Amino acid sequence: MRDLRFRRAARTSVLGTAALIAALSLTACQSGSPAPVDDAAGSVSQRPAGGTSAAPAADTGEGTAGDSGNSGSGSGNAKDSVSSGSKPAAEQPQNSGSNREGSDSNGSLPTCTGANTKLTMTSVPRPVNHMLLTVTNTGSKACYAYSYPFLRFGEAQSVPRSVEESKPQSVVVIAPGESAYTGVMTSSADGSGTGGYSTKDLAVGFQDANAASAGRTVSVPLGKEVYVDSTLAVTYWQTGMDDALMY
């Protein structure tokens with residue numbers, strides 16, 4: 001009985017040992033084989049991770065280079081804008097100069113009026129029935145003598161007609177101390193005029209740039225009676241006496 005029990009115990013022990021060894025072998029196989037898989041998986045996971053981290057680094061480098069390139073072109077644009085801005089600045093004096101010239105010819109000089117001029121009326125031998133009106137600048141600045149003077153002889157209710165053929169190409173400018181002239185045809189040489197009368201009174205008015213009266217009317221002494229009729233006419237202001245008396 002004891003032998004039988006001992007054998008059973010030994011068999012049980014052997015079987016238990018074998019089972020334990022098998023279990024240990026299985027465990028060793030399971031724990032051993034996954035290790036390479038884990039290593040492989042780890043290396044695989046590490047490669048993408050490493051690749052991914054490297055890729056952003058490269059992208060960042062390229063992006064930085066691109067950004068610095070862009071900032072370079074931006075500074076280039078800034079230089080262009082500065083240089084283009086400096087060009088108008090250099091050209092400005094020229095434009096300003098031309099503008100100043102324009103203002104001198106259009107607005108800075110005064111209009112000739114009775115306040116800055118002196119008027120005289122004289123008889124001339126030729127042409128017949130003509131007189132010469134002279135305006136002299138007594139001011140300190142040049143002035144514009146626009147169009148033609150408004151004349152009123154005696155009690156006339158209207159001003160004489162103007163000789164349009166005498167209109168100059170530009171407005172006459174009278175420098176200080178200088179003069180301009182208007183020819184006045186007082187009556188027709190052939191007696192064709194009507195409504196004639198004699199007078200010693202003459203009033204002269206100036207025009208502005210808008211063909212309106214400028215300043216006060218000036219009384220000009222004639223010295224002797226002058227005969228005028230319906231053919232009475234005046235020329236535009238001229239820079240020379242001959243030009244004023246040729247019409």
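What you see is a predicted model, and the numbers here were worked out from it, not measured in a lab.
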List in chain and number order the residues that pass side-chain hydrogen bond (donor to acceptor under 3.5 Å, both in side chains) with Ser166, two or more places apart in sequence or in another chain; answer none if no residue qualifies. none

Passes side chain to side chain contact (heavy atoms under 4.5 Å, CB included), Ser219 versus Leu202? Steps please. CA-CA 6 Å; Ser219 179; Leu202 171 63; over 6 Å; no

Indicate if Leu245 and Val234 have the same hydrophobic cluster label, given that clusters are the connected sets of ILVMFWY residues with side-chain heavy-atom separations under 4.5 angstrom. no

Please indicate whether Asp190 has more than 12 foreign heavy atoms, meaning atoms of other residues, nucleotides or ligands, lying under 6.0 Å from its CG. yes

Linking I/L/V/M/F/W/Y whenever any side-chain heavy atoms sit under 4.5 Å apart, do Val124 and Phe153 land together? no

Within residues 188-228 or reaching into it, pairs that qualify as ring-ring contact (aromatic ring centres under 6.0 Å, His included) - sequence neighbours excluded: none

Say whether, by atom type as modelled, one donor and one acceptor occur between the side chain of Asn137 and the main chain of Lys141 under 3.5 angstrom. yes

Between Leu133 and Pro149, is any pair of side-chain heavy atoms under 4.5 Å apart? yes

Do Trp237 and Leu151 belong together in a cluster built from hydrophobic side chains that touch within less than 4.5 Å? yes

Please report the closest heavy-atom contact between Met131 and Ser123, naming both atoms and the distance. CE-OG, 3.7 Å

For Gln207 and Ser147, work out which heavy atoms get closest and say how close. NE2-CB, 3.5 Å

Once rounded to the nearest 0.5 Å, what's the spacing between atom CG of Asn116 and atom OG of Ser140? 9.0 Å

Using side-chain contact (heavy atoms from CB on, under 4.5 Å) as the criterion, list what pairs up with Glu165, not counting sequence neighbours. Val163, Tyr247

By side-chain hydrogen bond (donor to acceptor under 3.5 Å, both in side chains), which residues pair with Thr239, not counting sequence neighbours? none

Taking the side chain from Asp208 and the backbone from Asn210, do they hold a donor-acceptor pair closer than 3.5 Å? yes

Would you say the side chain of Leu232 lies within less than 4.5 Å of the side chain of Ser187, judging by non-hydrogen atoms? no

Val204, Phe150: one ILVMFWY side-chain cluster at the under-4.5 Å cut-off? yes

Return all side-chain donor-acceptor pairs below 3.5 angstrom for residues 174-185, not counting sequence neighbours, or 'none' if the list is empty.
residue	atom	partner	partner atom	Å
Ser179	OG	Thr136	OG1	2.8

Spacing of CE belonging to Met241 relative to OG1 belonging to Thr134, to within rounding of 0.5 Å: 7.5 Å

What pairs meet the disulfide bond (SG atoms under 2.5 Å apart) rule with one or both residues in residues 128-212, with sequence neighbours excluded? Cys112-Cys143

Listed partners of Pro221 passing side-chain contact (heavy atoms from CB on, under 4.5 Å), at least two apart: none

Can you name the residues that form a side-chain hydrogen bond (donor to acceptor under 3.5 Å, both in side chains) with Tyr236, not counting sequence neighbours? Glu164

For Val220 and Met121 the tightest heavy-atom approach is CG1-N, 4.0 Å

Residue list, side-chain hydrogen bond (donor to acceptor under 3.5 Å, both in side chains) with Ser230, at least two apart or on another chain: Thr194

For Asp201 and Leu222, the nearest pair of non-hydrogen atoms, with its separation, is N-CD1, 3.9 Å

Under the disulfide bond (SG atoms under 2.5 Å apart) rule, what pairs show up with a residue in residues 189-247, not counting sequence neighbours? none

Donor-acceptor check, side chain of Thr117 to backbone of Val135, threshold 3.5 angstrom: yes or no? no

Pairs satisfying disulfide bond (SG atoms under 2.5 Å apart), at least one member in residues 215-247, at least two apart: none

Any link between Val226 and Leu132 through a network of hydrophobic side chains (Ile, Leu, Val, Met, Phe, Trp, Tyr) touching at under 4.5 Å? no

Any heavy-atom pair between the side chains of His130 and Pro125 that's under 4.5 Å? no

Min side-chain heavy-atom separation Val172-Tyr144 under 4.5 Å: no

Please, which pairs that meet disulfide bond (SG atoms under 2.5 Å apart) have at least one residue in residues 169-242, sequence neighbours excluded? none

